[in-house]
Structure formats: structure tokens, C-alpha cells
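Below is one structure, written out as C-alpha cells, with a few remarks after it.
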Number of protein chains: 2
Amino acid sequence: MAASLRKAGIRVTKQRIALMQVLAEADDHPDAFELHERARAVEPSVSLATVYRTLSTLEEGGVVHRHSFEGGGARFETTHEEHHDHILDIDSGAVIEFQSDKIEELQEAIARELGYEVVHHRLELYCRKIP
Amino acid sequence: MAASLRKAGIRVTKQRIALMQVLAEADDHPDAFELHERARAVEPSVSLATVYRTLSTLEEGGVVHRHSFEGGGARFETTHEEHHDHILDIDSGAVIEFQSDKIEELQEAIARELGYEVVHHRLELYCRKIP
DNA sequence: TTTTTTGCAAACGCTTTGCAATGCT
DNA sequence: AGCATTGCAAAGCGTTTGCAAAAAA
């Protein structure tokens, strides 16, 4: 944990280590408040302000991704290799990841046709379970 | 304008008429602040609070759509027949609409495969002009 | 020792809301 | 008359920031 911070040129503090640990263990796209709760359980000295500051730092460093789903504040996940989009279960709040090369290609084709190149995109499917 | 409000079961006030007029003329997805400016030019008695309240009312009535693009507040457009998604020009801030049946189908296929049906979705391409 | 990071509390930007006054039907 | 809608100012919410103290390099 400390090593990977050092490698990214980010100073190692106990607050950052706690947050990274919590992020590494999370698989549910928590928000800043939730991350603060979890980080405090590991290292009580972590403040919410530091959670926000560290998340921004980690985002700049490409370590985490920030998502702004509908309703509520931003939610975070540690960056993983493959790009993916999200399905959001309207009823349970669950977040499911998916990936579609075809959709990616279509997006690029559409943009290109209009004289644009896609820098990044956002695709979210707000769904309900089929009974 | 007044008639279409009445038809939707919404009381007719000069503030609402002003806002609807401004919305009808807009083709640039303005935010609440911008709509307030424009509506005030038509009817000076419109307050920002009423703009927000009326936008919510119109949204519930299906008359306008609210979008939460990256950065800044919500932006609005009058609902038009065909569903569409958006390209956002990162440099100019311009919003371009596009529509792709293929992408829609793929989204539904992906959701279905995971046991979900798509209630609504969000697809935004943040783009830069190709030189 | 120098520079960065921290917690705290205050400020921020956008949006919503309580209230008494006003306006619609 | 009766009830919805208004403007205003205050509050709400998630997020950011100024500052002096603490900690990392």
C-alpha cells in the first residue's frame, strides 16, 4: 500500500493508507461519506475533508474512478484494467459492471461521423430485475 | 402555451408561461440560472425559486427533460418525440444530439442477459473536434 | 528544516423549502 | 372563497478551502 503510494509520487500518511486499504476491499462503489466511515474504523484520525482530498489525489493519479450516478453524491471504485460501464438496480441500489466492445465501437463511429473523437464517455443503465 | 399548461392540469401563471416560452425557444440545453435570466427578460417577476419549482413540475408532467452532464448544475430541454443521447464538446461546451437504434438494442440485450430490463439510461460522449 | 498534509470550521454552488403575501379559478 | 403559487430568505446537501498545527521527507 505504502509502496504503491510512493511509486505514484504521493506522500505516505496513515490516513491515505487507511483509505487505500478500504478502497481495495470495497466492491460496492461507496461514496465519500461511506468511505469515511470505513476508513475511520481502521484509522480514527481520518477526517472527511481528507477523504475528499485523497480521493481527488488518487483520481488524478489514475488510481480511482469517480462516478456520478443519479441521486446522491459521487461514488468511487479502484481503477481496474478493463474499461466498463454500469447497470444500476433501481430497487436495490446495486451496481453491476458490464463491458461491450460493440457499443464502444458504435459510439466511436457515431462521434467520428460528426467530426468528433470520444475522449471519455458515460453509459449507465438504470434497470429493474425481470421477475 | 396557456392551453398546453391547462391540458396538463397545471395552473396557468405568467411566470410559467414565460418559462415555457423560453424553453420552447431554447435549443442549447440551458441550466436553471440561464433559464431564469431568459425568463426574467420576458416577465421580470419570475424568481429563481419558481424556475426550479416549475422545472420540477414540468419534468413530472413529461414536458421537459433534466440532464446532469459533468460539471455544473442540471440542464434542461423540452421533451421531443424521439429519444436521443448526447455528445458534449469538451472545448466549446456545445451539446449535440444523436440517436442510435443499434446501441439501444445492445443495451437492452446486455441488461436482459443479466436478468434486467432497462427503465431508462444515460449515454453521454465527451468529445473533442477532429482537426 | 523544508514542504506537504492534516483536522476543523467556515464557505461554496446548486437546489429545495417554510412562510406570509399574492393570484388563479 | 378557497386553494395553489409566488418571492424572499433561510436552510440543505455534497463538496471544497483557508488556516494554524502536525507530520513526512
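Residue numbers start from 1 in every chain, and the chains themselves are labelled A, B, ... in the order their sequence lines are given, proteins ahead of strands.
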Task: Out of dA9(D), dT6(C), dC8(C), whichever nucleotide has its closest atom nearest the side chain of Ala49(B) - done: dA9(D)
Open item on the list: Does anything in residues 11-31 of chain A come within less than 4.0 Å of DNA chain C? Heavy atoms only, and list the residues if so.
Closed with: Arg11(A), Thr13(A), Gln15(A), Arg16(A)
Task: Aromatic plane relationship, His29(A) with His84(A) - under 30° parallel, 30 to 60° tilted, over 60° perpendicular - done: perpendicular
Can you tell me how far [atom2] of [N] sits from [atom1] of [X], to the nearest Å?
X: Leu48(A); N: dT15(D); atom1: CG; atom2: P; result: 9 Å
X: Glu34(B); N: dG13(C); atom1: CD; atom2: P; result: 18 Å
X: His36(B); N: dG13(C); atom1: NE2; atom2: P; result: 18 Å
X: Glu60(B); N: dA4(D); atom1: CD; atom2: P; result: 15 Å
X: Lys7(A); N: dA25(D); atom1: NZ; atom2: P; result: 17 Å
X: Arg75(B); N: dT15(C); atom1: CZ; atom2: P; result: 12 Å
X: Phe33(A); N: dC13(D); atom1: CZ; atom2: C1'; result: 12 Å
X: Phe76(A); N: dG14(D); atom1: CZ; atom2: C1'; result: 10 Å

TODO: Run the salt-bridge test on Arg66(A) and Glu59(A) with the 4.0 Å N-O cut-off and return the result as yes or no.
DONE: yes
- [ ] Determine, for Arg40(B) against Glu37(B), whether the closest basic-nitrogen to carboxylate-oxygen distance falls under 4.0 angstrom.
- [x] yes
Open item on the list: Please determine whether a side-chain nitrogen or oxygen atom of Arg6(B) lies at a distance below 4.0 Å from atom OP1 or OP2 of dT25(C).
Closed with: yes
- [ ] Give a yes/no on whether any side-chain N or O of Tyr52(B) is located under 4.0 angstrom from OP1 or OP2 of dT15(C).
- [x] yes
Task: Contact nearer the 5' end of DNA chain C, comparing Gly72(B) with Val46(A) - done: Val46(A)
Task: Closest-nucleotide 5' rank along DNA chain C - winner of Ala32(B) and Gly9(A) - done: Gly9(A)
TODO: Could you give me the CA-CA distance, side-chain angles and deciding distance for His83(B) and His121(B), then say whether ring-ring contact (aromatic ring centres under 6.0 Å, His included) is met?
DONE: CA-CA 11 Å; His83(B) 161 80; His121(B) 71 261; 4.8 Å; yes
- [ ] Look only at the side chain of Ser68(A) and the backbone of Ala74(A), and say whether a donor-acceptor pair between them is shorter than 3.5 Å.
- [x] no
Task: His65(B) and Glu77(B): side chain donor to acceptor below 3.5 Å - done: no
Task: Sub-4.5 Å side-chain heavy-atom contact between Val95(B) and His67(B) - done: no
